[in-house]
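Here is the structure we will look at.
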Amino acid sequence: MTKILHVVGARPNFPKLAPVHRAAAAAGLAQVVVHTGQHYDDAMSASFFRDLEVPTPDINLGVGSQSHAVQTARIMERIEPVLLAERPDWVLVYGDVNSTAAAALVAVKLGLLVAHVEAGLRSHDRRMPEEINRLVTDRIADLLLTPSRDADEALRREGVRDEQIAFVGNVMIDSLFHALQHVPADAGARDAVVVTLHRPSNVDEPRRLASIVEALREIAEARPVVFPVHPRTRQRLEDAGLPLGAVRLLEPIPYREMLAHVSRAHAVVTDSGGLQEETTALGVPCFTVRENTERPVTITEGTNRLAPDPAELPRLVASAARPAAPRRPEGWDGHAGARVVEALLAFVDRRPADDAVVVEV
Ligand code: UD1
């Protein structure tokens, strides 16, 4: 029986894991879920497993919050014995967090097959730690499972062979559709502006953070602003002591509750990757407070728009309007998890055998 080992660690990984786990269970595959412990608060981790109906991870490596180097190194050290003991047929890694790159690096060196779910996304901005994680993971993984056609193109441009690329669509949207069935009808403020921010480029630079908060304060004079705050952002806001006006800060909120807020929102202001996708699928206007996005399809086909200058946000948000119906990119249809499992089972391993002798002439 095919055995797959999933590695997840941070909040955005969990909605990607859920549909693949469900599809693999339906196909009768053996599964092990390893949580690195990169995120550990109930609100950042366990609540997501409950909302997504994914079983509690089999193994938790407990790495916690550290510098990038220490976090990555700890994941590598602690996952190696697990992979040696489990010897799965496939190691699945998700998204672009430190857990993704660390686990992929260890697994390929042990000769295990690695598949990357959400491969091929590129912001072309190497100042983002996530971009480095994407580049490293896609370079070494055996099977690259892509969420959008632009990702296929990006991989081909980097010289990846066609046999290694499988377009499967967006697993996040599987989770979105699944969760929407459970979102309480009365949850979430109607016509609010939902805000999330956590990128170092926005929150670690005090002047930048101050100009974003100023824009949010102005928006909050016209309509409710709901801001569930990531732990790193809360720390920075407290350090800066900025006045927040009518902006309503919340603790990080569970997945379904978040979707309730987002699906009823007037608009979303964010620097998250997942929210750019969820708003596109829901047809909710999204303003991404960044200079670039690794998810261009959310702009060309969806409701996303880059808003790198915070001073522009009040005007943009005021004029935001929903499209008559959401336009969903190809493969954002709720069946991506099943296609991941099909791609794993169909993959033909073309790596040279361990004992192959390569003669250079
Ligand atoms: C990580 C990912 C980022 C993803 C984000 C989603 C990397 C490089 N970054 O960033 O891509 O979008 O998760 O949330 O992997 N903290 C807690 N409790 C937790 C987790 C974190 O309090 O459960 C605090 C700690 O003070 C920590 C800080 O948040 O230092 C940052 O956590 P970390 O996992 O290092 O990076 P994120 O900013 O969350």
Side-chain angles (χ1 to χ4, degrees), residues 7-17 34-52 57 60-76 78-79 93-105 116-119 121-123 125-138 172 175 194-205 208-209 227-239 249-255 258 268 270-278 286 288-290 292-295 298:
V7 183
V8 289
R11 183 167 63 175
N13 290 158
F14 310 139
K16 295 171 191 150
L17 162 70
V34 178
H35 190 318
T36 64
Q38 179 174 343
H39 285 176
Y40 42 84
D41 289 349
D42 185 79
M44 300 290 284
S45 180
S47 75
F48 274 66
F49 282 80
R50 292 194 294 274
D51 272 12
L52 290 158
N60 193 312
L61 304 178
V63 299
S65 301
Q66 309 288 340
S67 71
H68 282 263
V70 173
Q71 189 175 60
T72 306
R74 279 202 185 154
I75 297 167
M76 291 179 69
R78 293 183 191 181
I79 205 164
V93 295
Y94 295 83
D96 57 16
V97 302
N98 288 342
S99 302
T100 313
L105 193 48
H116 182 204
V117 178
E118 200 187 84
L121 298 189
R122 297 288 182 269
S123 66
D125 179 356
R126 291 195 182 207
R127 293 167 302 179
M128 284 180 83
E130 293 81 2
E131 183 74 355
I132 306 301
N133 291 336
R134 292 180 201 116
L135 288 165
V136 168
T137 307
D138 286 343
M172 285 289 274
S175 277
V194 177
V195 179
T196 80
L197 296 164
H198 72 285
R199 299 267 163 228
S201 55
N202 280 330
V203 303
D204 288 358
E205 212 270 286
R208 173 100 182 144
L209 183 61
F227 186 178
V229 190
H230 186 285
R232 71 177 296 132
T233 309
R234 181 169 290 274
Q235 192 59 51
R236 299 293 183 266
L237 286 172
E238 283 169 10
D239 294 348
L249 294 192
L250 304 177
E251 291 299 314
I253 52 184
Y255 182 65
M258 184 64 179
V268 168
T270 191
D271 58 14
S272 141
L275 273 169
Q276 295 173 51
E277 300 178 341
E278 287 156 353
C286 178
T288 296
V289 194
R290 285 175 45 189
N292 48 53
T293 177
E294 59 289 329
R295 293 163 163 88
T298 60

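Remember, it's 1-based here, ligands and their atoms both numbered in the order they're listed. All of these numbers come straight from a predicted model, not from anything done at the bench.
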(request) With heavy atoms under 4.0 Å as the rule, classify the contact between Met44 and ligand 1 as side chain, backbone, both or neither. (result) side chain
(request) Looking only at protein heavy atoms, identify the closest one to atom 18 (N) of ligand 1 and say how far it is in Å. (result) Asp41 OD2, 2.9 Å
(request) Go through Phe227 and Leu197 one step at a time and tell me if the side-chain contact (heavy atoms from CB on, under 4.5 Å) criterion holds. (result) CA-CA 9 Å; Phe227 186 178; Leu197 296 164; 4.0 Å; yes
(request) Please determine, by modelled atom types, if Tyr94 and Ser99 share a side-chain donor-acceptor pair under 3.5 angstrom. (result) no
(message) Working note: Glu294 + Glu118, criterion side-chain contact (heavy atoms from CB on, under 4.5 Å); need CA distance, chi angles, decisive distance, verdict.
(response) CA-CA 11 Å; Glu294 59 289 329; Glu118 200 187 84; over 6 Å; no
(message) Students should be able to answer this: which protein heavy-atom is nearest to atom 6 (C) of ligand 1, and at what distance?
(response) Pro12 CD, 3.4 Å
(request) Taking only Lys NZ, Arg NE, NH1 and NH2, and the carboxylate oxygens of Asp or Glu, determine whether Asp138 and Arg122 approach each other closer than 4.0 Å. (result) yes
(request) Assess Gln235 for proximity to ligand 1: is some non-hydrogen atom of it under 4.0 Å away? (result) no
(request) Return the residue, atom name and 0.1 Å-rounded distance of the protein heavy atom closest to atom 22 (O) of ligand 1. (result) Pro231 CB, 3.3 Å
(request) Give the residue, atom name and distance (to 0.1 Å) of the protein heavy atom nearest atom 8 (C) of ligand 1. (result) Asn98 OD1, 3.3 Å
(message) Side chain or backbone, does Gln66 bring an N or O within less than 3.5 Å of an N or O on ligand 1?
(response) no
(request) Assess whether side-chain contact (heavy atoms from CB on, under 4.5 Å) is satisfied between Asn202 and Arg236, documenting all intermediate values. (result) CA-CA 10 Å; Asn202 280 330; Arg236 299 293 183 266; over 6 Å; no
(request) With atom 13 (O) of ligand 1 as the reference point, say which of Arg11, Gln38, Arg234, His39 has the nearest heavy atom. (result) His39
(message) Given Arg199, Glu130, Glu131, His198, identify the one with the heavy atom nearest to atom 9 (N) of ligand 1.
(response) Glu130
(request) Identify, with sequence neighbours excluded, every residue that meets ring pair (Phe, Tyr, Trp, His ring centres under 6.0 Å) alongside Tyr255. (result) Phe48
(message) Could you measure the distance from the OG1 atom of Thr196 to the CG atom of Leu250? Nearest 0.5 Å is fine.
(response) 12.0 Å
(request) Provide the number and element of each atom of ligand 1 under 4.0 Å from a heavy atom of His230. (result) 14 (O), 29 (O), 37 (P), 38 (O), 39 (O)
(request) Tell me which protein heavy atom sits closest to atom 35 (O) of ligand 1, plus the residue, atom name and distance to 0.1 Å. (result) Gln71 NE2, 3.9 Å
(request) Report the member of Ala43, Ser45, Gly95, Ser65 with the shortest heavy-atom distance to atom 26 (O) of ligand 1. (result) Ser65
(request) List the closest protein heavy-atom neighbour of atom 2 (C) of ligand 1: residue, atom name, distance to the nearest 0.1 Å. (result) Val97 CG1, 3.7 Å
(message) Can you classify the ring geometry of His198 versus His230 as parallel (below 30°), tilted (30 to 60°) or perpendicular (above 60°)?
(response) parallel
(message) Tell me whether Arg134 is salt-bridged to Asp96, with the criterion being a basic N under 4.0 Å from an acidic carboxylate O.
(response) yes
(request) Measure the distance from atom 19 (C) of ligand 1 to every protein heavy atom, then report the residue, atom name and distance (to 0.1 Å) of the closest one. (result) Tyr40 CZ, 3.5 Å
(request) For Ser45 and His35, run side-chain contact (heavy atoms from CB on, under 4.5 Å): C-alpha distance rounded to whole Å, both residues' side-chain angles, the deciding distance at 0.1 Å, then the answer. (result) CA-CA 10 Å; Ser45 180; His35 190 318; 2.9 Å; yes
(message) Looking only at protein heavy atoms, which one is nearest to atom 28 (C) of ligand 1, and what is the separation?
(response) Arg232 CB, 3.9 Å
(request) For His68, take its heavy atoms, then give the atoms of ligand 1 lying under 4.0 Å from any of them. (result) 8 (C)
